Amino acid sequence: MALGKYSPEDIEKKWQAIWKESGCFQVETDPSKPKYYVLEMFPYPSGKIHMGHVRNYSIGDVVARFKTMQGFNVLHPMGWDAFGLPAENAAIKHETHPATWTYQNISEMREQLQRLGYSYDWRRELATCRPEYYKWEQMFFLKFLEKGLAYRKDSPQNWCPTCNTVLANEQVEEGLCWRCDSEVEQKDMEQWFLRITDYADELLKDLETLEGGWPERVLTMQRNWIGKSYGAELTFQVKDMSETIDVFTTRPDTLYGATFMSVAAEHPMVEKLIADAPNRAEIEAFVTNIRNMDRIKRGADDLEKEGVFTGKYCVNPVTGKDIPIYVANFVLMGYGTGAVMAVPAHDQRDFEFATKYGLPKQAVINPPELQEKGEKLDAATLTEAYSAPGFLIHSGDFDGMPNEDAKKAVVEHLDKSGKGKMAVNYRLRDWNVSRQRFWGAPIPVIYCDDCGVVPVPEKDLPVLLPENAQVRKDGKSPLPAMEEFVNCACPKCGKPARRETDTFDTFFESSWYYMRYCDPRNESEPLGAEHLNYWMNVDQYIGGIEHAILHLLYSRFFTKALRDCGYVTNSEPFANLLTQGMVLKDGGKMSKSKGNVVDPNAMINQYGADATRLFILFASPPVKELEWSDQGIDGAYRFLSRLWRLVEELEDVLTPMTPASHGAPASDAAKSLRFKEHDTIRRATRDIENEFQFNTVIAAIMELVNELYQVKDELRETDPAALSSAIATAVTLLSPVAPHICEELWAALGHTANLTAQPWPTYDEKALVLDQVTMVVQVNGKVRGKFEAPNNAPKDEVEKLAMNLENVQKFMEGATVRKVIVIPNKLVNIVVG
RNA sequence: GCGGGCGUGGCGGAAUUGGUAAACGCGCCAGAUUUAGGAUCUGGUACCUCACGGUUUGGGGGUUCGAGUCCCUCCGCCCGCACCA
């Protein structure tokens with residue numbers, strides 16, 4: 001067959017059709033074969049793919065194709081994270097149903113992905129908005145309820161006024177909604193929660209097992225988010241009242257120095273404490289003011305510490321002294337117990353607060369240098385809190401004890417009277433999964449006046465999202481007003497009851513989709529064990545850093561929760577994680593408002609899928625940011641054309657040889673080419689296996705092609721087999737990156753079987769051993785010459801050759817040789833002085 | 001403040017983990033081919049210098065025969081968390 005001109009459009013269409021026809025990317029559970037599960041984070045069907053998607057999926061596709069060639073049974077699926085707000089907003093705008101918009105986007109985006117030639121097993125495609133999918137997570141929820149992992153609670157929640165829904169803590173970024181950047185408000189609501197905090201310790205501990213497989217910064221972010229700290233929970237009796245207030249502290253050793261208490265404005269005790277205060281109105285105004293303050297201002301560094309005395313006291317359990325209770329603006333209800341014992345001498349915040357309000361400071365930790373001199377720290381002399389270690393003073397029987405020891409001792413002492421115990425505190429809060437939006441999976445519970453909260457019986461699942469719903473202009477969910485949805489019979493007593501109208505957070509869907517891919521069409525159970533046990537875990541997960549906490553933490557939690565419900569056996573979903581860098585243009589993120597968006601479709605039209613993939617993988621290693629360059633993709637296209645022309649020009653002498661199969665090079669040119677060929681295999685394999693450094697893999701293949709151009713005219717006559725072998729190698733190595741052109745060139749070499757079915761080439765160590773090596777000569781560490789030496793020449797011979805070099809002689813003149821270092825086959829360093 | 005990461009030509013980036021710094025590509029320069037080209041091929045391209053040679057991986061110091069790589073220190077940038085009790 002004659003090649004003709006390189007026309008990406010024609011050959012890409014052609015090979016995509018052949019692959020589809022052959023079903024070569026379809027895989028089955030097969031325990032006789034080693035498996036490899038590579039997964040890219042599935043996209044939200046927004047309408048079109050962007051360069052970030054192309055990068056994400058191209059990286060994954062190379063991994064999938066590479067592992068397939070290495071002989072693994074590779075699972076590489078694709079699907080759609082299809083529930084969510086944008087669909088609803090678009091539906092409002094276009095006066096249609098969110099499903100219409102979503103399914104249309106899915107079909108457009110699927111087509112775009114197919115144009116890029118990705119090796120997905122499309123039979124496994126799933127969309128989370130389909131009842132066949134969300135039915136199962138409704139069932140999971142029922143199991144969670146049964147197990148006590150799901151519960152309902154009335155509490156202040158993050159409310160996004162623009163999205164008209166609550167948000168989980170993880171979805172609030174610096175006080176703003178993660179999706180629309182609106183200021184998040186606090187609103188008291190009754191909501192469904194999942195007990196992710198029950199798993200806080202395991203989620204933290206198991207991060208160790210991900211060490212090495214996950215980027216360090218993602219592990220760190222998760223550690224910080226979980227925020228484990230060791231300390232104690234101490235109970236303070238409120239004076240003249242029956243109530244007590246618990247505090248969490250990491251410094252129980254400073255308890256003797258606690259001279260007042262601060263509680264958060266949201267603390268449930270506040271109301272009782274101020275009930276009979278003469279200045280109640282004033283206090284209430286202060287409290288309301290704090291509660292209404294937005295989170296950014298309240299969390300600001302420079303916010304002045306302010307508080308107000310409640311009029312009540314509590315009793316310091318060790319000193320027996322009455323200490324005043326304040327409401328303070330810097331105490332957060334969301335951390336610890338929402339109440340803090342204040343030790344102004346040893347905590348900077350308390351110090352500032354005490355100074356401002358004239359509250360007493362009592363030093364109880366003595367700095368070592370004072371302790372040595374037999375002196376005691378006087379709090380009155382402090383200009384800031386002393387928070388370093390030391391020895392206890394003014395602390396009764398504990399005086400003289402190192403403060404680290406005292407932490408335990410003080411708590412043990414309190415424990416006897418039930419007033420304190422060692423405690424671990426987490427920053428992590430339970431996951432609020434209720435959303436007041438329409439386009440999500442309905443939460444399967446029913447409210448009955450007589451029976452209370454009643455789970456929907458499993459046989460009645462799925463609770464379907466009504467197809468005839470009309471989205472509302474005001475953005476609120478239409479569900480509460482839909483009588484045919486809301487009104488139902490109580491499954492327990494049969495009386496009229498109301499259905500829950502909230503839907504799940506969409507992160508619920510994305511927390512288990514990767515497991516469903518293992519057995520996506522199972523109608524009798526969510527996860528077929530045989531398939532799940534074979535395919536899971538995901539060996540390589542690839543996606544953006546923006547999910548470092550959100551999706552990745554929820555998925556880890558889900559895996560553990562489903563394990564405890566008996567669905568899965570593994571504890572961690574993703575063995576290895578690659579967070580790819582962003583695609584930038586002109587130094588900034590591509591965005592519509594900046595007008596610097598490069599449309600993948602336009603690139604495919606102009607240069608083809610192969611050149612687009614090649615550029616995006618060549619320009620930068622996957623974890624780094626990638627600067628889009630119009631000239632760069634030009635260069636990628638040029639390289640592919642260059643490879644194409646090489647084959648075209650030699651077509652008449654090329655034969656269908658397997659890679660690296662030419663074993664008897666006669667000429668120097670053929671020897672050199674053979675070395676390059678095997679060395680390229682070595683480098684390419686090493687670099688893919690080492691952190692997926694596709695940029696250097698491609699560079700190595702380019703070098704091989706450059707070498708081919710050097711020797712092609714000579715070898716065309718004398719040793720065409722050398723060319724056939726080397727070209728087969730280049731084409732095979734490049735095929736995961738630019739699969740269409742490589743298939744075409746592979747066929748042009750005369751091969752009849754598809755390249756996708758070929759094994760990854762292996763190199764011969766012996767081919768990398770040269771007769772002659774170039775050695776570098778240094779004098780005092782500076783390069784002064786080079787020479788050719790036989791491979792593995794004896795040390796003294798090499799030394800002699802090195803010393804004899806004219807330029808080396810020059811630099812040794814008049815000096816004595818002190819030492820000669822010889823690194824075999826590499827360099828000689830002559831030390832003179 | 002705490003934590004993670006980074007700093008190499010005009011640009012994107014290499015460097016077999018302590019052994020020729022700048023591979024590969026972009027850009028630029030020159031030559032060839034061509035009616036012509038923004039196509040293609042060949043060569044050149046860190047900096048200073050006519051040259052010999054010298055200098056260079058954010059700055060300074062150290063270890064070493066030898067440091068982009070290891071250690072100390074300072075500077076700068078990016079990211080995450082942040083009144084966390």
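So that the names make sense, note that chain A is the first sequence line, chain B the second, and so on, each numbered from 1. Just so we're clear, the structure is a prediction, and the values are computed from it rather than from any experiment.
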Answer with base, sugar-phosphate or nothing: what part of the nucleic acid does [X] contact at a heavy-atom distance below 4.0 Å?
X	value
A:E627	nothing
A:G635	sugar-phosphate
A:E625	sugar-phosphate
A:Q348	nothing
A:R682	nothing

Opposite nucleotide pairing with [N], Watson-Crick or G-U, both atom distances under 3.5 Å:
N	result
B:G31	B:C41
B:G12	B:C24
B:C52	none
B:C77	B:G5
B:A67	none

Could you tell me how far [M] sits from [N] if I compare only their [atom1] atoms? Round to whole Å.
N	M	atom1	answer
B:G4	B:G19	P	27 Å
B:A15	B:C6	P	14 Å
B:C41	B:G68	C1'	36 Å
B:U42	B:C47	P	24 Å
B:C28	B:A39	P	10 Å
B:C24	B:U16	P	16 Å
B:G76	B:G58	C1'	7 Å
B:C83	B:G13	P	35 Å

Under 4.0 Å: is that the gap between some side-chain N or O of [X] and OP1 or OP2 of [N]?
X	N	answer
A:N695	B:A14	yes
A:S629	B:C26	no
A:K228	B:C84	no
A:R223	B:G80	no
A:N706	B:G25	yes
A:R638	B:C41	no
A:K826	B:G19	no
A:R784	B:U20	no
A:R217	B:C78	no

query: If you draw a 6.0 Å radius around NZ in A:K356, do more than 12 non-hydrogen atoms from other residues or ligands fall strictly inside?
result: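 Above 12, so yes.
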
| message | Take a 6.0 Å sphere around CD of A:E691 and say whether it holds more than 12 heavy atoms from other residues, nucleotides or ligands. | response |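 At most 12 heavy atoms, drawn from other residues, nucleotides or ligands, come within 6.0 Å of this atom.
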
(message) Which label fits A:F353 and A:F260: parallel for a plane angle under 30°, tilted from 30 to 60°, or perpendicular past 60°?
(response)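 Geometry flag for A:F260 against A:F353: parallel rings.
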
Which nucleotide in the set [options] lies at the smallest distance from any side-chain heavy atom of [X]?
X	options	result
A:T696	B:A14, B:U42, B:G19	B:A14
A:R349	B:C83, B:U20, B:G13	B:C83
A:F618	B:C52, B:C83, B:C24	B:C24
A:K810	B:U42, B:U40, B:C52	B:C52
A:P621	B:U40, B:A85, B:A14	B:A14
A:R642	B:G4, B:C83, B:C41	B:C41
A:A699	B:A23, B:C83, B:U16	B:A23
A:N829	B:G66, B:C26, B:A15	B:G66
A:K782	B:U55, B:G43, B:C41	B:U55
A:Q631	B:G54, B:C26, B:A85	B:C26

From [atom1] of [X] over to [atom2] of [N], roughly how many Å is that when rounded to an integer?
X	N	atom1	atom2	value
A:R683	B:A15	CZ	P	9 Å
A:Q693	B:U17	CD	C1'	13 Å
A:D347	B:A85	CG	P	9 Å
A:I698	B:A14	CD1	C1'	14 Å
A:F639	B:U40	CZ	P	14 Å
A:L827	B:U16	CG	P	15 Å
A:D687	B:A15	CG	C1'	11 Å
A:W644	B:C41	CH2	P	16 Å

- Message: Given the ring of A:Y709, does A:R642 sit roughly above its face, with NZ or CZ under 6.0 Å from the centre of the six-membered ring and within 45° of the axis?
- Response: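 Yes, A:R642 and A:Y709 form such a contact.
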
Next item on the list: Return yes if the base of B:C81 and the side-chain atoms of A:N224 contain a donor-acceptor N/O pair under 3.5 Å, otherwise no.
Entry: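 In this structure, the two groups form no donor-acceptor pair.
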
Ion pair present between [X] and [Y], side-chain N to carboxylate O less than 4.0 angstrom?
X	Y	result
A:K305	A:E352	yes
A:K407	A:E404	yes
A:R223	A:E211	yes

**Asked** Looking only at side chains, do A:Y607 and A:D634 share a donor and an acceptor under 3.5 Å apart?
**Response**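 Yes, side-chain donor-acceptor contact under 3.5 Å.
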
- Task: Indicate syn or anti for B:U17, taking the glycosidic torsion and treating anything within 90° of 0 as syn.
- Result: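 Because its glycosidic torsion lies within 90° of 0, B:U17 adopts the syn conformation.
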
### Where the chi angle of B:G9 falls, syn if within 90° of 0 and anti if not
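B:G9: syn glycosidic orientation.
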
Report task. Output, in order, the C-alpha distance, side-chain angles, deciding distance and verdict of side chain to side chain contact (heavy atoms under 4.5 Å, CB included) for A:M341 and A:T254. Result -> CA-CA 10 Å; A:M341 68 175 214; A:T254 64; 3.6 Å; yes

Given RNA chain B, 5'-ward residue of the pair A:S641 and A:R251, judged by closest heavy atom: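 Between the two, 5'-proximity favours A:S641.
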
For A:G336 and for A:N807, locate the closest nucleotide of RNA chain B by heavy-atom distance; then report the residue assigned to the nucleotide nearer the 5' terminus.
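The answer here is A:N807.
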
Do any N or O atoms from the side chain of A:N403 and from the backbone of A:A406 form a donor-acceptor pair under 3.5 angstrom?
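Such a contact is absent between A:N403 side chain and A:A406 backbone.
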
